[in-house]
Amino acid sequence: CQAESSFVSLFCYSSCTMMAVSHSSNFQTILGETQDEEDEILPRKDYESLDYDRCINEPYVEVLEEMNNKRAKKYEAVRWMLVFAIGVSVGLVGVFVDFFVRLFTQLKFNLVGKSVEECSEKGCLALSLLELLAFNMMFIFIASVLVLIEPVAAGSGIPEIKSYLNGVKIPGIVRLRTFVCKAIGVLFTVSGGLFVGKEGPMIHSGAIVGAGLPQFQSITFKKINFDFPYFRSDRDKRDFVSVGTAAGVAAAFGAPIGGTLFSLEEGSSFWNQALTWKVLFCSMSATFTLNFFRSGINYNKWGSFQLPGLLNFGEFKCSDGDKKCHLWTAVDLAFFVLMGVAGGLLGAFFNCINKRLAKYRMRHVHPKAKFVRVLESLLVAMVTTVVIFVASMTLGECRDLASTITNNNTTALVSLNEDVINSTIRQFFCPNKTYNDMATLFFNPQEVAIHQLFHQDGTFSPVTLIVFFVLYFLLACWTYGVSVPSGLFVPSLLCGAAFGRLVANLLKINLGMDIYSGTFALIGAAAFLGGVVRMTISLTVILIESTNEITYGLPIMITLMVAKWTGDFFNKGIYDIHIHLRGVPLLEWETEVEMDKLTASDIMEPNLTYVYPHTRIQSLVSILRTTVYHAFPVVTENRDNEREFMKGNILISNNIRFKKASVLTRAGEQRRRCQSMKSYPSSELRNVCDDQLVAVVPAMEEGQDMLQQMLERRHAPYPNLYPDQSPSEEWTMEERFRPLTFHGIILRSQLVNLLIRGVCYAENQSSATQPRLSYAEMTEDYPRFPDIHDLDLALLNPRMIVDVTPYMNPSPYTVSPNTHVSQVFNLFRTMGLRHLPVVNAVGEIVGIITRHNLTHEFLLGKLRQHYITI
């Protein structure tokens, strides 16, 4: 196993150092990735965005007209009741997971522990190892099979939930089947002895509860379908997911404020005061529900509220009689900063190895048959079990049992902590009144091991801590990413706590410093966790709430900031890395300053697929079946408005001159891009211009004003474009990219809904005869709207006409072609938009911007194109 771990480490080292040039770049490449390698995986375009903006169409306006203060207060009351129900439900999920994890773990360790004690005298340790392997392999097999049923249930779920709150729709991420597989799978994974935690899956489970409970229906279980027409929009659903995510964090760590900040920091792009109150209330509900039931079940003290979260750090407290004892001093801050730097480096190295393993799995494991993933999980479980058993039996040291109780120079534990520590000490192969320190760490649940490192003084030798740290580091890195539900918080905390205790032991032994070892263990845990996940605000508050010691606020905050800055120098956080590997088009908090050299016209998509206000059914079906776009501009051709615009006086003439200088047209933009493509290598640019399209563009004299020519040619009649016709390949660029007056935008789901429900009228009739749909009918199928291929064309007359104007959004957010990228980005991300039309000064749509046009990789490519052009 050590050989295998060395091989993994050597593999990462050699892989990461291949492209190094200098010593500094060599070091950066060891811990991170080169820029060229970061560009290997680009955001995929098959991810659909969520729409946080409201569609203010006529059915929605009818709902607003019926709304009054009394009904609005009723909706708000229902919303608060659902928030409370989500909090209680998440708390009960935590109770369920904790109860069975504790039950299975105690059963396993009690049976194996007795077997080891008996076989240490009889010489049958192989039998004890087989018993431990049988337990762990069985549990991991069950967890792997559950992931096969729902693959999205693998991992912690935090990258997916972070993407969802950022506005990306990931299929199946908040389904009930995912919840069942996640909640049951994680308890078997943790019980199976893998180096994973249950806190990450708890956050994912909370998000699923938040998304599903207000819907009162399930796609997986058809019988769960209540008539509850409220909150059927992406806007409401994302708010409830934010609430459930925060409740999951609060239940996992007993940190309601930290959960609120986690939901704000890690995902939600849209935030307001009302949502903050609801998130905090839900977090409190989850925390106290979990606390109430856990205290009653574990201690039979109902209503005592002694266990606020699934992970408890215990009480950090000096002895009342020891006046020299201190939790930390100003001198210790220097060591905390150095530990933060070390934690950032270790976290960056951890992320590097894990990214390499994830890429290997994507290329060689996932494409194969599904049972290969199960075999990989069983292999990891087997290796982990053998390492735990062999290390505990051969590498541990026998320590004096009295030291855990009598050596209280710098530590004083409450009676509860003493009972826990004494009951979890392992005496494998050690004489009376001594215990095995390695087995005490490995043969206990991870939460207990963290408790031991935080609150036992002088009971672990430096050699034991080093071996434990190295083994745990490598195995935890290998484990994160296998096909089982798994979290990363607890393994990172335990690995960092061992590192912190090692630092404390060295300072005590070598420098003779009088320090509190538990504080250094806590700072080490914070440093390593911060170096891996790169969270700052929420993680600081979570750790403070978990320790129940406000004086730790400053050192924890400084350590996390230093760890994040150090790690960010080499690579991204572990969750961002896995989001990048999945190709999710995640939008950061803001763009780089350099990106403001670009405008909306530089990044928009000028090739539009549009519909007319009155369009034939056969044209709509053709558009929907031959494109993958999720929204279509509703336009009309403005052929005659130029004559009206040019009627003359001095003011109008000035307006025309201003228009020539500032108005961007679709044809002009496409011509500029095609000319740029002809002048520079295509490998340097992202957009490829169609050669056939370029060939039909008439040659223009150099220096001639293109926009002036556009204004003159606009009086010439264009070929008639009926709703059931397509542009001809023989058209000129001006004919192909004709000026279009923008009236609104309509979604694919809305068009399919209109076709399926037969909303249309005949040519010889007025559009007023068209059937009208209510808002409830428009949202009835949310979130699974029907597909265009489900439409039975035999039931429709292709010559019938659909009036889409009542159902389009006539007032979406729009931007000018001259708007700088930072303004476009802030508007798009802050308002949670899905599509952003680019409209010029005379109301013509010249392009559209989606999430993919604002990703860092796309903007970087456009910036390179900008530099080449100038």
Side-chain angles (χ1 to χ4, degrees), residues 83 86-98 101 152-166 170 173-175 178-187 189-190 196-213 238-268 279-280 282-287 289-290 308-311 447 480 484-493 529 532-535 537-539 541-543 545-546 573-576 578-579:
V83 166
I86 291 171
V88 173
S89 301
V90 173
L92 293 176
V93 172
V95 172
F96 169 80
V97 172
D98 177 74
V101 167
V152 185
S156 66
I158 294 179
E160 291 81 3
I161 295 302
K162 181 177 179 178
S163 302
Y164 187 92
L165 294 178
N166 192 262
I170 299 180
I173 195 64
V174 289
R175 292 181 60 179
T178 305
F179 169 76
V180 173
C181 295
K182 194 88 174 186
I184 298 178
V186 70
L187 66 89
T189 305
V190 176
V196 299
K198 52 182 179 290
E199 283 67 27
M202 268 299 302
I203 298 171
H204 187 186
S205 300
I208 299 175
V209 172
L213 190 60
R238 280 179 64 189
D239 284 349
F240 283 121
V241 170
S242 299
V243 167
T245 301
V249 177
F253 297 98
I257 300 176
T260 303
L261 293 176
F262 178 89
S263 184
L264 172 61
E265 179 184 6
E266 282 301 302
S268 301
V279 168
L280 183 59
C282 185
S283 301
M284 289 287 185
S285 303
T287 301
T289 300
L290 181 72
L310 296 179
L311 180 62
E447 292 81 2
Y480 189 73
V484 293
S486 58
L488 197 60
F489 275 96
V490 169
S492 299
L493 286 171
L529 180 58
V532 172
V533 301
R534 311 287 165 78
M535 296 191 308
I537 304 173
S538 58
L539 191 55
V541 177
I542 287 171
L543 293 177
E545 289 185 284
S546 299
I574 189 69
Y575 300 135
D576 291 324
H578 280 266
I579 289 173

*Test side-chain contact (heavy atoms from CB on, under 4.5 Å) applied to Asp576 and Arg534, step by step*: CA-CA 9 Å; Asp576 291 324; Arg534 311 287 165 78; 5.8 Å; no
_Point-to-point distance, once rounded to the nearest 0.5 Å, from CG of Leu213 to CD1 of Ile86_ = 5.5 Å
_Closest contact, heavy atoms only, Ile542 versus Ala255_ = CA-CB, 4.0 Å
*Pro256 to Thr287 - nearest heavy-atom pair and separation*: CD-OG1, 3.8 Å
*Could you tell me the separation between the CZ atom of Phe262 and the CD1 atom of Ile158, rounded to the nearest 0.5 Å?*
4.5 Å
_Rounded to the nearest 0.5 Å, what separates atom CG in Leu493 from atom CG in Leu488?_
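With rounding to 0.5 Å, CG (Leu493) is 9.5 Å from CG (Leu488).
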*In chain order, what residues pass the side-chain hydrogen bond (donor to acceptor under 3.5 Å, both in side chains) check against Glu160, with sequence neighbours excluded?*
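side-chain hydrogen bond (donor to acceptor under 3.5 Å, both in side chains) check on Glu160 returns Arg582.
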*Are the side chain of Ser263 and the backbone N or O of Ser242 linked by a donor-acceptor pair below 3.5 Å?*
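Confirmed, Ser263 side chain pairs with Ser242 backbone.
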*asked:* Among residues at least two apart in sequence or on other chains, which ones pass ring-ring contact (aromatic ring centres under 6.0 Å, His included) with Phe489?
replied: Phe253
*asked:* Suppose we screen for side chain to side chain contact (heavy atoms under 4.5 Å, CB included). Which residues come up paired with Ile257, at least two apart in sequence or across chains?
replied: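 Result, side chain to side chain contact (heavy atoms under 4.5 Å, CB included) vs Ile257: Leu261, Leu280, Val541, Glu545.
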*Of Ile170, Thr245, Ile173, which meets side chain to side chain contact (heavy atoms under 4.5 Å, CB included) against Tyr164?*
Ile173
*Can you list the residues that meet the side chain to side chain contact (heavy atoms under 4.5 Å, CB included) rule with Ala211, with sequence neighbours excluded?*
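If we apply the side chain to side chain contact (heavy atoms under 4.5 Å, CB included) test to Ala211, skipping adjacent residues, the hits are Val174, Lys237, Val241.
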_Quick check for you: to the nearest 0.5 Å, what is the distance between Asn166 atom CG and Arg238 atom CZ?_
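With rounding to 0.5 Å, CG (Asn166) is 7.5 Å from CZ (Arg238).
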*How close do Ala252 and Met202 get, heavy atom to heavy atom, and via which atoms?*
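Scanning both residues completely, I find the closest heavy atoms to be CB-CB, 4.4 Å.
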*Residue pair Thr178 / His204, side-chain heavy-atom distance below 4.5 Å*: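 Thr178 vs His204: side chains touch.
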*Of all the heavy-atom pairs spanning Ala247 and Ser283, show the shortest one and how long it is.*
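Shortest heavy-atom separation between Ala247 and Ser283 comes out as N-OG, 3.9 Å.
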_With sequence neighbours excluded, residues passing salt bridge (charged side-chain N to carboxylate O under 4.0 Å, His left out) with Lys198_ =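 Expected list: Glu447.
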*Who pairs with Tyr480 by side-chain hydrogen bond (donor to acceptor under 3.5 Å, both in side chains), at least two apart in sequence or on another chain?*
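Listed in chain order: Ser156.
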*Which heavy atom of Ala154 sits nearest a heavy atom of Lys182, and at what distance?*
O-NZ, 3.5 Å
*Please report the closest heavy-atom contact between Val88 and Ser285, naming both atoms and the distance.*
N-CB, 4.4 Å
